[in-house]
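Input: a single structure, listed below in structure tokens.
In what follows, every heavy atom counts, from backbone to side chain, and hydrogens, waters and symmetry copies are set aside. So that the names make sense, note that chain A is the first sequence line, chain B the second, and so on, each numbered from 1.
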Amino acid sequence: MKTRLIITALALLVVGTTAVSAQQHQHAIPAGSVSGDRIPDVVAYRLYFAHLSQLPQNLQADQVKQVRLSAADSATLTKSLGEFGEKYLSLTDAYNAEATVAEHNGKQPNIAAYHTAIAKLVDETVNSLFASLSTTGVGAFVEHVKSEKVNMHISESEAGQ
Amino acid sequence: MKLKILAVLILTAWAVTASAQFPNNYARYTTYSNDGSGNLVVSMSVTGTALPPLPNMPGAYHVAQAATIWNGGAAQWQHGQNVCTSCNVNFNGSWNFSGLDTCLTDFAMNCDLEEIANVKCSFYGTFWAAAALDGAIELAITTTQTVNFVPPFPQTPYCSDRSSPPDYPGIPSSQNSFTTAATFCHRSGPNGGQGPWTCLPYNRSRNRPAGSKPDCTNFDKHIGGNYF
């Protein structure tokens, strides 16, 4: 009888806590609402490369066209996207495999190492791209990614970096 | 058995309380493209990771999902793969809006496009959502005109004065003539979009002889005209 009472009390606690938590989740929703100029450039480049590199070829070509680069610079950007996409998916697949095993064993994966590897990949891609594009191309690319920030939404914590 | 239930309940209560705390770097990015066949394609990606509390919940998974709502219709949902709770969700989806869509063929009519993206946990439900992205889509009629054979050639809106979307500068133009073209224009922001218009070329254009302008008389009446 005593055990039943304890279980009932705990069940009520769980229901109550879940309701509070659900409200917290509702309040947490604006966490994805940071957009525009508050997005750091480095995050914008990551989202830009990750998104475009995984688009179907015809849509990626249209997106590259929207940067309004010369034919040579467009080809350079397309090549960079291909190289980034391959490495990004490889790093992500490897991390997801590691995380799945870690969770299975009751451990946390090395998420910091994954974030560092992605940040390094973004940095290398930007540097390599800037070194390969014409001066006009670099300007057009930087301006384009900046203008795309209105279509990006990130978490408050990442915006505060 | 009772002790087992008790342990599960305690664990659940603790995990639920902790759930609000775990950090994430989820992000949503949307692009608007012309697929080369006159269709507008909205592509959305949701990427990022969260670090859930220990101990892990056996069998729990995360999934990213996104939807577009076209003119207040039903949400068209797409889902990513189910991945572990600390995995990168990496969802990419595209929605194709045919150039024959009523909204886009009914010139001068703005269409509402709402975009939603979130990440769901099989254990807690939706725990991250990007702010709803409200926007407007317009099929604008724009014209490029050469002046004195000297570039750059200014572009002027003819039938789209109401929203004044900027012309798409990539539309080809021949000298001493007008090129009239339709463009997909999109803008985001509250109340159907307040931001700047971004235009993509549509698949209809025509070089017009000098002095020949499109007939915009019926543009605001939502009926056809000699726009091209």
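- Using non-hydrogen atoms only and a strict 4.5 Å limit, the part of residues 82-103 of chain A facing chain B consists of A/Y88, A/L89, A/T92, A/Y95, A/N96, A/A99, A/T100, A/A102, A/E103.
- Of all non-hydrogen atoms in B/S33 and A/Q66, the two that sit nearest each other are CA-NE2, 4.2 Å.
- Looking at heavy atoms from C-beta onward, B/Y29 lies in side-chain contact with A/E148 at the 4.5 angstrom threshold.
- Using a 4.5 Å heavy-atom threshold, the side chains of A/L59 and B/D35 count as touching.
- Looking at A/L52, only its side chain comes within 4.5 Å of chain B, counting heavy atoms on both sides.
- B/T85 touches chain A through backbone and side chain together, each having a heavy atom under 4.5 Å away.
- Most heavy-atom pairs under 4.5 Å with chain A, from the set B/S86, B/A27, B/G48, B/S45: that is B/S86.
- In terms of heavy-atom proximity, B/T31 sits nearest to A/H51 at OG1-NE2, 2.7 Å.
- Chosen from B/V119, B/V41, B/T49, the residue pairing most often with chain A at heavy-atom distances under 4.5 Å is B/T49.
- Within 6.0 Å of NZ in A/K149 there are more than 12 heavy atoms belonging to other residues, nucleotides or ligands.
- A donor-acceptor pair under 3.5 Å is formed between the side chain of A/S155 and the backbone N or O of B/N24.
- Interface residue B/N92: only side-chain heavy atoms are found under 4.5 Å from chain A.
- No more than 12 heavy-atom neighbours from other residues, nucleotides or ligands sit within 6.0 angstrom of NE2 on A/H104.
- Using a 4.5 Å cut-off between heavy atoms, B/Y32 touches chain A through backbone and side chain atoms alike.
- Atom OG1 of residue B/T47 and atom CG of residue A/L47 lie 5.5 Å apart, to the nearest 0.5 angstrom.
- Between atom CZ of residue B/R28 and atom CG of residue A/N151 there is a gap of 9.0 Å, rounded to the nearest 0.5 Å.
- By a heavy-atom distance cut of under 4.5 Å, A/Y114, A/H115 are the residues of residues 112-147 of chain A near chain B, going up by number.
- Counting heavy atoms from C-beta on, the side chains of B/N34 and A/K65 never come closer than 4.5 Å.
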